[in-house]
Amino acid sequence: MFSFNKLVTFTTILAASSAAFATPANVKKRAALDVFAPPITAPVEGDVWVVGQQRNVTWDTSNAPTQITNPIGQIILRKGEETTNILLASCFNILIGSIEVTVPEVVDGDDYALVLFGDSGNFSPDFTITSSA
Ligand SMILES: *[C@@H]1O[C@H](CO)[C@@H](O)[C@H](O)[C@H]1NC(C)=O
């Protein structure tokens, strides 16, 4: 999961450095479509989610570019090193910064995380899901 985050960062740095040397025409093209991977601010590491509860997932939209390649968001559950097929939210605008989700019925574990997709995937820290409050 860390290598994925690094890849995103690396791509962002590449994009930024190539923009610095680009011709005005290329700069304009780049400004038209920007990759936006907002960091998840909740859940935070160590959070405990109880199956069936409503929880807010939040992310930081303060660095949003004016034109986003894919503004449609999706939140998918991860467990350990694997992304599950459990979709917690979809078809929302990535700029809303927060969405309420229902904690899915899954086996207890302290190695759950979320992936927020728009242009690119961003992982939350690990948190716990439990069936007992
Ligand atoms: C999620 O955030 C909204 C807006 O701040 C709030 O009204 C709602 O109660 C929150 N939901 C939960 C489960 O905390």
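Indexing begins at 1, ligand by ligand and atom by atom, following the structure's order.
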For ligand 1, what N or O to protein N or O distances fall under 3.5 Å?
| unit_1 | atom_1 | unit_2 | atom_2 | d |
| --- | --- | --- | --- | --- |
| ligand 1 | 2 (O) | N56 | ND2 | 2.3 |
| ligand 1 | 11 (N) | N56 | ND2 | 3.0 |
| ligand 1 | 11 (N) | E100 | OE2 | 2.6 |
| ligand 1 | 14 (O) | N56 | ND2 | 3.4 |

message = Any non-hydrogen side-chain atom of I72 less than 4.5 Å from a side-chain atom of F117?
response = no
Listed pairs under 3.5 Å, donor-acceptor, residues 40-52 side chains, sequence neighbours left out:
| unit_1 | atom_1 | unit_2 | atom_2 | d |
| --- | --- | --- | --- | --- |
| T41 | OG1 | T58 | O | 3.2 |
| T41 | OG1 | T58 | OG1 | 2.8 |
| D47 | OD2 | V44 | N | 3.2 |

ask   = Tell me the side chain to side chain donor-acceptor pair (under 3.5 Å) pairs involving residues 85-94, sequence neighbours left out?
value = none
Which residues share a side-chain hydrogen bond (donor to acceptor under 3.5 Å, both in side chains) with T128, sequence neighbours left out = none
Test side-chain hydrogen bond (donor to acceptor under 3.5 Å, both in side chains) applied to K79 and T84, D111, D126, the passing residue = D111
Cation-pi check, R78 onto Y112 ring (under 6.0 Å, within 45° of axis) = no
